[in-house]
Amino acid sequence: MYHISGKSQPPMYTQALDQQGREPSAAPESPEQAARFQARVDAEEKIEPKDWMPEAYRQTLIRQISQHAHSEIVGMLPEGNWITRAPSLRRKAVLIAKVQDEGGHGMYLYSAAETLGVERATLVEQLLSGAAKYSSIFNYPTLTWADVGAIGWLVDGAAIMNQVPICRCSYGPYARAMVRICKEESFHQRQGFEIMLTLARGSEAQRAMAQDALNRWWWPSIMMFGPSDVASRHTAQSMRWKIKRFTNDELRQKFIDVTVPQAQFLGLTIPDPQLRWDEAAGHFEIGPIDWEEFQAVLRGHGPCNRERLEARRAGHAAGEWVREAAAAHAAKRAAQAAA
Ligand code: BYC
């Protein structure tokens, strides 16, 4: 649940309820503290909310987890766009469930971020003001039903590749939240592939629609993994802290190697004339990524950036009465308990 009237609710996913809103220690970090912390990380111990941690570790996690949460919430929009137009009752029911799952993922992740002493209301405000990042991929439009298939197959496929290693993240609450999220993402990926398979085996027009969706979603999915390793400012430190277990380029390559044969199975063509199997490397090699497009989307100039934020702002405003009602209910329960 979102914060209500600026007052925090207890986080749902934490072992450190008394840590909420904790101010980071003002004392400078000693080299001994940092070394002890790194030794714990190196020994694969989980770092928990009550444990000492470097301030930069806390801030890195708040940034990544909240960005991840925002991505799940904004990610509901492109697919939500097709719920009323799903081609059958079964497809509609499955799509509603998937979009609800994504809302749930956002909630777990906001709760995990709250264990680091940040208020959910603050994070939501950062999203709504445009200050926070969310995944570039959700700034592209869903033009046809095949886009719902392509998102499940490619976007959720990329998400699984990126997120399964986060189940081993050094920060306990984030790692634990990812376990269930990954199970659900796996179902999402399969439902997307099944939509693509149905279209690819359907009429000429359906196959063309599937190919068109692949053409539009392939490169944005490749970019989802983030900047190349040479341009990634956080990867080296996040790998040392075992927040990340693989670099952006390593995960991107794994995704390409898994996904190209799936496209071949579907009988669809990856929109990259330079794509080739590199026998010596044992990998598929792709053509150049358009990093200018990626940076433009991050700066707010993707096809749907404005629309996505407007939709979130409208949703947040429309939910005001729910937050007020929940706060009134909580206050009543607290008063009853105190009486
Ligand atoms: N889009 O140093 P880097 C989902 C930013 S939800 C936008 O490599 P890092 C789903 C990055 O934040 C998918 N921004 O950063 C939901 C950093 O910005 P600042 C979301 C991006 O953190 C619904 C700067 O670029 N998944 O799957 O080491 C339906 C430099 O990058 C992007 C997650 O969030 C991007 N694509 O690595 C279906 C997973 N990439 O703050 C599916 C968790 C990078 O320094 N996150 N940036 O200005 C991660 O694994 C990592 O944060 C990233 C980036 C791999 C994304």
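Counting starts at 1 for both ligands and their atoms, following the listed order. FYI, the numbering just counts along the sequence from 1.
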Heavy atoms only: which of [options] is nearest to [atom]?
| atom | options | value |
| --- | --- | --- |
| atom 39 (C) of ligand 1 | I65, N162, D101 | N162 |
| atom 40 (N) of ligand 1 | G152, G226, A236 | G226 |
| atom 43 (C) of ligand 1 | F225, Y174, F246 | Y174 |

[X] and ligand 1 - part of the residue with a heavy-atom distance under 4.0 Å:
| X | result |
| --- | --- |
| I137 | neither |
| K133 | side chain |
| H68 | both |
| S232 | both |
| K244 | side chain |
| Y134 | backbone |
| M76 | neither |
| R63 | side chain |

Name of the residue among L143, N139, T144 meeting side chain to side chain contact (heavy atoms under 4.5 Å, CB included) with P141: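 Result for side chain to side chain contact (heavy atoms under 4.5 Å, CB included) with P141: L143.
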
Need the ligand 1 atom indices (1-based, order shown) with element for anything under 4.0 Å from a heavy-atom of [X].
| X | value |
| --- | --- |
| S136 | 1 (N), 7 (C), 35 (C), 36 (N) |
| D156 | 38 (C), 42 (C) |
| L298 | 1 (N), 7 (C), 14 (N), 25 (O) |
| P227 | 8 (O), 30 (C), 31 (O), 40 (N), 44 (C) |
| R233 | 2 (O), 18 (O), 19 (P), 24 (C), 45 (O), 48 (O) |
| M223 | 36 (N) |

ILVMFWY cluster, V164 and I65 together (side-chain gap under 4.5 Å):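 Hydrophobic grouping puts V164 apart from I65.
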
Shared hydrophobic cluster, M239 / F37 (ILVMFWY, side-chain heavy atoms < 4.5 Å):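 No; tracing contacts between hydrophobic side chains, which count when under 4.5 Å, never links both residues.
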
Can an N or O of M224 be found at a distance shorter than 3.5 Å from an N or O of ligand 1?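 Yes, there is a polar N/O contact under 3.5 Å.
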
Give yes or no for whether the N/O distance cutoff of 3.5 Å, strictly under, is met between S71 and ligand 1.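 By distance alone, the answer is no.
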
Does the protein put any heavy atom within less than 4.0 Å of atom 53 (C) of ligand 1?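 Looking at atom 53 (C) of ligand 1, one finds that no protein heavy atom lies closer than 4.0 Å.
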
Looking only at protein heavy atoms, which one is nearest to [atom], and how far off is it?
| atom | answer |
| --- | --- |
| atom 10 (C) of ligand 1 | F138 CZ, 3.4 Å |
| atom 45 (O) of ligand 1 | H234 NE2, 2.5 Å |
| atom 29 (C) of ligand 1 | E102 OE2, 3.0 Å |
| atom 27 (O) of ligand 1 | A159 CB, 2.9 Å |
| atom 21 (C) of ligand 1 | Q67 NE2, 3.8 Å |
| atom 32 (C) of ligand 1 | F294 CZ, 3.6 Å |

Are any of the side-chain heavy atoms of [X] and [Y] separated by less than 4.5 Å?
| X | Y | value |
| --- | --- | --- |
| H329 | R333 | yes |
| E79 | E102 | yes |
| L116 | P49 | no |
| L298 | S136 | yes |
| L127 | S66 | no |
| R308 | R312 | no |
| Y57 | I47 | yes |

If you count the non-hydrogen atoms of other residues, nucleotides and ligands that lie under 6.0 Å from CZ in R190, is the total more than 12?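 Check fails, neighbour count at 12 or below.
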
Could you check whether atom CZ of R313 has more than 12 heavy atoms from other residues, nucleotides or ligands sitting under 6.0 Å from it?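 Buried by this count: over 12 neighbours within 6.0 Å.
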
Please determine whether any non-hydrogen atom of S238 lies less than 4.0 Å from an atom of ligand 1.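 No; S238 lies far enough from ligand 1 that no heavy-atom distance drops under 4.0 Å.
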
I'd like to know if K98 pairs up with E185 as an ion pair, taking the criterion as any Lys NZ or Arg NE/NH1/NH2 lying under 4.0 Å from an Asp or Glu carboxylate oxygen.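 Not counted as a salt bridge, because no side-chain N and carboxylate O are separated by less than 4.0 Å.
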
Could you check, using the six-membered ring where one of them is a Trp, whether H70 and Y110 have ring centers closer than 6.0 angstrom?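 Yes, ring centres under 6.0 Å apart.
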
Could you tell me how the ring of F255 sits relative to the ring of W218: parallel (under 30°), tilted (30 to 60°) or perpendicular (over 60°)?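 The rings of F255 and W218 lie parallel, inter-plane angle below 30°.
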
With a distance cut-off below 6.0 Å to the six-membered ring centre and an angular limit of 45° from the axis, does K254 pair with F246 as a cation-pi contact?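 Cation-pi check for K254 and F246: passes.
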
